Amino acid sequence: MRVLRQIHARLCTRPLPISTLSFALSKIVAFCALSSIGDIDYARRVFSRIPNPGIFSWNSIIRGCSLVENHSRESVYLFRRLVRRGYPCPNTFTLAFVLKACSIISACEEGLQVHTRVFRSGFGSSPFVQTALVNFYAKCEEIGLARNTFDEIPEKNLVAWSTMISGYAKVGLVNEALGLFREMQKVGVEPDEVTLVSVISACAGAGALDIGRWVHAYMERQMIDIDLELSTALVNMYGKCGCIERAKKVFCEMPVKDAKAWSTMIVGLAIHGLSESALETFSRMEEAKVKPNHVTLLGVLSACAHGGLVSEGRKHWSSMLESRIEPSMEHYSCMVDLLCRAHLVDEACNLVEDMAIPPNPVILRTLLVGCKKNKMLDRGEIIAEQLLELEPLNAENYVLLSNLYASVSQWEKMSHIRKKMKDKGIKAVPGCSSIEVDGFVHEFAMGDQSHPETEELTEILRDISERVRDFGHKPFISDVSSHCLQAIND
DNA sequence: ATAGGGTTAG
């Protein structure tokens, strides 16, 4: 960068022809915007001094901004400016870059405008632009539009398939993602690392362990290079699917581990209740001199919350404040959860009151659950009031408040809330779960009888429930079993 | 110079 700055300084003092100067400055912009050692602010300054920037310069700066964190919006602004000026004319590169920026910031309006422009410009048949459009729609959760665009691509290459698969995986349409993966193989397109990352991440989201294992075996068979991203995806998949030992194995065998990899492992251990291991992994991460990010801390705090490790949690909270990680709403949620689980509801409330930003509904709900567990009616009512003001249409809030009343046997107030819900026409979203059997993910929702084998399943659940009773246990009310019991009652 | 990838609390 220093050498470049010197060259830049000399360029400016020479009486060069404008075209030569523009060309040289364009090259500087491209380097500063795109190189890993570059400097986007410098690129912007140089760009603003180019007398008559050509499309190459515009593209460099638009792409550069889109790739730098928190600068993607600027790409969109630059593109608008370019369009308003009317020249130079955007090409396929410009469109692909600006669509990428739109997908990073989920700028749906702007992306749609670009799409209109694509139609008019006649670049609609460029595979790059088409794939960028698919990605853009998927990132904006317009999965139907993404699919329409995808279907219009006449010759779908690997990148197009991967984009669509990852789009489905991201919005949780796991069967669609896996189905498309099979279709892709049927037409003879071989997946690469990037495709497989999306497939594995779809498996993680669905608890589809069998398919995940199959993909893992497939990669080993095909000698596909299991790189950093793939390994992390595998660690996550095995962790989410309950195979923490396999997750650990993949993790240990990774030659290089970055913050995401460590975080994934820590979160995996935390959700398995292996709090001590999670914390130990965190210290190994620090020893390895990998800088923790905000997700790492979420994992650490959630491990402490699950293990009831209050003082450890407090320690990590204050060291987080000391380091440069600004606590986000999610971190506060985690800490509030930790305190509430440890029956320190008052302290949790104080923490929330001291927040610089007003608490979001998630935090308030966490507090409300804490009040319920500790039978703190008055405090709970105050929190519920705030919550209902913030989100008067969310059924979850009414259910939580009614649960609070139930926990202190205030049946009249409870039925009052239920009635209020009914009067407002608010319906609870049914609880749901899913399981993969032989490569298909079966989904169940509370009260939903649409599964072809509902009768047999209900029969089995009834049997389990009776056996639990026969053993002299109360049917245990965990999240899953309460759904089952509800299904039986229905 | 162009399009697709991993981690996120309750």
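Note that the structure is a prediction, hence the values are computed from the model and not measured. Per chain, numbering begins at 1; letters A, B, ... match sequence-line order.
Within the nucleic acid shown, A/Ser263 comes within 4.0 Å of at least one base atom, counting heavy atoms only. Across all strands, A/Lys170 comes closer than 4.0 Å only to sugar-phosphate atoms, never to a base (heavy-atom distances). At the heavy-atom level, A/Ser302 lies under 4.0 Å from the strands shown only through sugar-phosphate atoms. Using a 4.0 Å heavy-atom criterion, one finds that A/Thr163 contacts the sugar-phosphate atoms exclusively. A/Glu193 comes within contact range of at least one nucleobase, with a heavy-atom separation under 4.0 Å. Counting non-hydrogen atoms under 4.0 angstrom, A/Leu95 reaches nothing in the nucleic acid. Residue contacts shown for A/Ser231 are absent, as no nucleic acid heavy atom lies under 4.0 Å away. Heavy atoms of A/Leu158 sit under 4.0 angstrom from at least one base atom.
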Hey, mind stepping through A/Phe181 and A/Leu196 against side-chain contact (heavy atoms from CB on, under 4.5 Å) and telling me if it holds? CA-CA 9 Å; A/Phe181 177 54; A/Leu196 294 173; 3.9 Å; yes
Could you walk me through whether A/Glu141 and A/Lys170 pass the salt bridge (charged side-chain N to carboxylate O under 4.0 Å, His left out) check? CA-CA 9 Å; A/Glu141 310 211 324; A/Lys170 277 254 156 68; over 6 Å; no
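Considering only side-chain N and O atoms, A/His306 lies under 4.0 angstrom from the phosphate OP1 or OP2 of B/dG10. Between B/dT7 and A/Asn236, a contact under 4.0 Å exists linking OP1 or OP2 to a side-chain N or O. Distances shorter than 4.0 Å separate none of the side-chain N or O atoms of A/Lys139 from OP1 or OP2 on B/dG4. The side chain of A/Lys240 contributes an N or O atom lying less than 4.0 Å from OP1 or OP2 of B/dT8.
The CZ atom of A/Arg63 sits 5 Å away from the P atom of B/dA3 (whole-angstrom rounding). Here B/dG4 presents its P atom at 13 Å from CZ of A/Phe136, a figure rounded to the nearest Å. As a whole-Å value, the separation of A/Ile55 CD1 from B/dT2 P is 16 Å. Remark: P of B/dA1 and CZ of A/Phe47 are 19 Å apart, rounded to the nearest angstrom. For the pair A/Trp317 CH2 and B/dA9 P, the computed distance is 15 Å after rounding to whole Å. Rounding to whole angstrom units, NZ of residue A/Lys257 and P of B/dT7 are separated by 18 Å. Rounded to whole Å, atom P of B/dG10 lies 18 Å from atom CD of A/Glu391. When rounded to the nearest whole Å, the span between CE of A/Met265 and C1' of B/dG6 equals 14 Å.
In this structure, of B/dG6, B/dT7, B/dA3, it is B/dT7 that holds the atom nearest to the side chain of A/Asn293. Listed nucleotides: B/dA9, B/dG5, B/dA1. Nearest to the side chain of A/Asn91: B/dA1. If you check B/dG10, B/dG4, B/dT2 against the side chain of A/Asn135, the one that comes closest is B/dG4. Side-chain atoms of A/Val194 lie closest to B/dG5 of the nucleotides B/dT2, B/dG10, B/dG5. Comparing B/dG5, B/dG6, B/dA1 against the side chain of A/Phe97 picks out B/dA1 as the nearest. In this structure, the nucleotide among B/dT7, B/dA1, B/dA3 sitting nearest to the side chain of A/Asn157 is B/dA3. Among B/dA3, B/dT8, B/dG5, the nucleotide with an atom closest to any side-chain atom of A/Val197 is B/dG5.
The line from SG of A/Cys102 to CZ of A/Phe79 is 8.5 Å long, rounded to the nearest 0.5 Å. Note that CG of A/Leu401 and NZ of A/Lys372 are 12.0 Å apart. Values are rounded to the nearest 0.5 Å.
Remark: ring of A/Phe93 stacked against base of B/dA1; centroid gap under 5.5 Å, plane tilt under 30°.
In this structure, A/Cys243 and A/Leu209 have side chains that are in contact, with non-hydrogen atoms separated by less than 4.5 Å.
Side-chain contact check for A/Ser126 and A/Thr92: no donor-acceptor pair (N or O, by modelled atom type) lies under 3.5 Å.
Summarising the geometry of A/His272 relative to A/Gly239, their closest heavy-atom pair is NE2-O, 3.0 Å, with the distance given to 0.1 Å.
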